[in-house]
Student: 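My questions all concern the structure below.
Just so you know, ligand 1 is whichever comes first in the structure, and atom 1 is the first atom listed for that ligand. Only heavy atoms go into these numbers, but all of them, side chains included; no hydrogens, no water, no symmetry mates. Numbering of residues begins at 1 and proceeds along the displayed sequence.
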Amino acid sequence: MLGYFGPAGTFTHQALRTVTDEEALAFASVREALDAVRSGVVDGAVVPIENSVEGGVSATLDELIAGSPLSIRREIVIPVEFGLYAREGTRIEDVRNVLTHGHAAAQCRNWLSVTLPEATVTEAGSTAGAAAEVASPDSRFDAAVCARVAGEMYGLTELAYQIEDNAGAVTRFVEVGPAGPVPPQTGADKTTIVAFMRQDHAGALLEILEQFAVRGVNLSRIESRPTKTALGSYFFSIDCEGHLHDRRVAETLQGLHRVCPQVYFLGSYPRANQRRPEIGIGFSDQEFDAAASWVNSLSRRR
Ligand SMILES: O=C(O)C(=O)C[C@]1(C(=O)O)C=C[C@@H](O)C=C1
């Protein structure tokens with residue numbers, strides 16, 4: 001069975017529903033969902049990783065490397081639209097206390113400050129959790145910012161819809177399982193890596209980036225996160241185009257292993273948009289093989 005960042009009605013739940021109708025287990029946080037994968041309570045879990053407006057989901061970036069090895073086996077990208085939902089009878093002009101997930105609040109920041117300048121916005125564990133709380137008759141919160149499905153699921157009234165500041169926003173989710181065999185190449189794959197930076201060393205970030213650049217591997221996301229050990233100590237969470245079984249990606253990993261104190265391979269998996277990378281001249285598997293054979297032939301010379 002799969003787990004997901006819940007409760008029912010989160011965007012994560014919607015993402016999960018695009019890939020399976022089977023019963024799934026809701027967890028109140030990303031950490032609990034990933035812990036359940038690690039302890040074998042569920043076979044895998046869907047969690048949010050990146051939003052086109054707000055960027056990376058820190059809880060996921062950190063938790064992916066915070067225990068026994070995990071592996072991303074699928075990515076799911078869905079559009080995110082938000083509404084304002086309240087108990088029946090509440091008028092929009094009476095809303096003073098709004099509850100929602102931090103990422104949702106950030107995506108509706110301007111709308112909230114213009115439409116409800118007097119309102120206080122409080123962070124909830126999730127958008128659907130906020131809707132469930134607001135649905136309770138004795139809740140001190142007047143309204144939740146959440147998905148329309150969550151508003152409907154918890155019996156709330158829609159006071160406004162499409163309140164996001166950036167139309168067309170999307171969130172990317174990943175299905176994570178225990179580390180295991182890498183799924184086969186599709187030709188349109190992505191690989192997720194975490195690389196720790198060498199400390200107090202000029203050009204440490206450049207050293208990481210050049211491993212990709214000199215092998216023609218395109219990055220689709222790079223984010224720094226503190227290692228939580230000291231000020232100035234960071235790791236980089238990176239998505240790149242290609243699969244572990246592509247020579248250019250495998251050699252990039254070798255290069256990272258040489259220059260970084262710690263590298264995590266978090267999986268190669270099919271890209272949601274099925275886009276194939278452009279492989280520049282000199283970076284195909286055949287060209288890597290031909291180059292390796294040439295070097296080997298030099299050693300065999302008499
Ligand atoms: O709270 C939810 O509904 C979630 O699934 C989490 C989450 C996120 O972490 O970014 C997912 C999509 C939206 O961008 C807002 C919130």
Student: Closest non-hydrogen protein atom to atom 6 (C) of ligand 1, residue and atom name please, with distance?
Tutor: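 Answer for atom 6 (C) of ligand 1: F5 CE2, 3.6 Å.
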
Student: Compare E81, R172, H101, H13 and give the one whose heavy atom is closest to atom 16 (C) of ligand 1.
Tutor: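 Going through E81, R172, H101, H13 one by one, H101 has the nearest heavy atom to atom 16 (C) of ligand 1.
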
Student: Side chains of Q211 and R215: donor-acceptor distance under 3.5 Å anywhere?
Tutor: yes

Student: What part of P48, side chain, backbone, both or neither, has a heavy atom within less than 4.0 angstrom of ligand 1?
Tutor: side chain

Student: If the threshold is 4.0 Å, N to carboxylate O, is there a salt bridge linking D62 and R225?
Tutor: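 A salt bridge links D62 with R225.
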
Student: Which ligand 1 atoms, with their elements, are less than 4.0 angstrom from a heavy-atom of N51?
Tutor: 14 (O)

Student: Would you say I281 has more than 12 foreign heavy atoms packed within less than 6.0 Å of its CD1?
Tutor: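 Check fails, neighbour count at 12 or below.
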
Student: Measuring from atom 5 (O) of ligand 1, which candidate in V145, V80, T12, V53 has the nearest non-hydrogen atom?
Tutor: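 Of the listed residues, T12 has the closest heavy atom.
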
Student: Salt bridge or not between E81 and R148? Use side-chain N to carboxylate O under 4.0 Å.
Tutor: no

Student: Regarding ligand 1, does Q107 bring an N or O atom to under 3.5 Å of one of the ligand's N or O atoms?
Tutor: yes

Student: For residues W111 and L84, determine if any side-chain heavy atom of one lies less than 4.5 Å from a side-chain heavy atom of the other.
Tutor: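 Contact flag for W111/L84 side chains = yes.
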
Student: Could you tell me whether T127 approaches ligand 1 through its side chain, its backbone, both or neither, with non-hydrogen atoms closer than 4.0 Å?
Tutor: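 Answer for T127: both.
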
Student: Short list, please: which atoms of ligand 1 are under 4.0 Å from a heavy atom of S126?
Tutor: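 So the answer, numbered in order with elements, is 1 (O).
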
Student: G9 and Q14: which non-hydrogen atoms are nearest, and at how many Å?
Tutor: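 The pair with the smallest heavy-atom distance is O-NE2, 4.4 Å.
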
Student: Measuring from atom 10 (O) of ligand 1, which candidate in Q14, H103, E50 has the nearest non-hydrogen atom?
Tutor: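 Selected option, by shortest heavy-atom distance: H103.
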
Student: Which protein heavy atom lies closest to atom 13 (C) of ligand 1, and at what distance to 0.1 Å?
Tutor: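 Ranking protein heavy atoms by distance from atom 13 (C) of ligand 1, first comes T171 OG1, 3.7 Å.
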
Student: Evaluate whether atom NE2 of H245 has more than 12 neighbouring non-hydrogen atoms of other residues, nucleotides or ligands under 6.0 angstrom away.
Tutor: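 Atom NE2 in H245 is packed in, count exceeds 12.
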
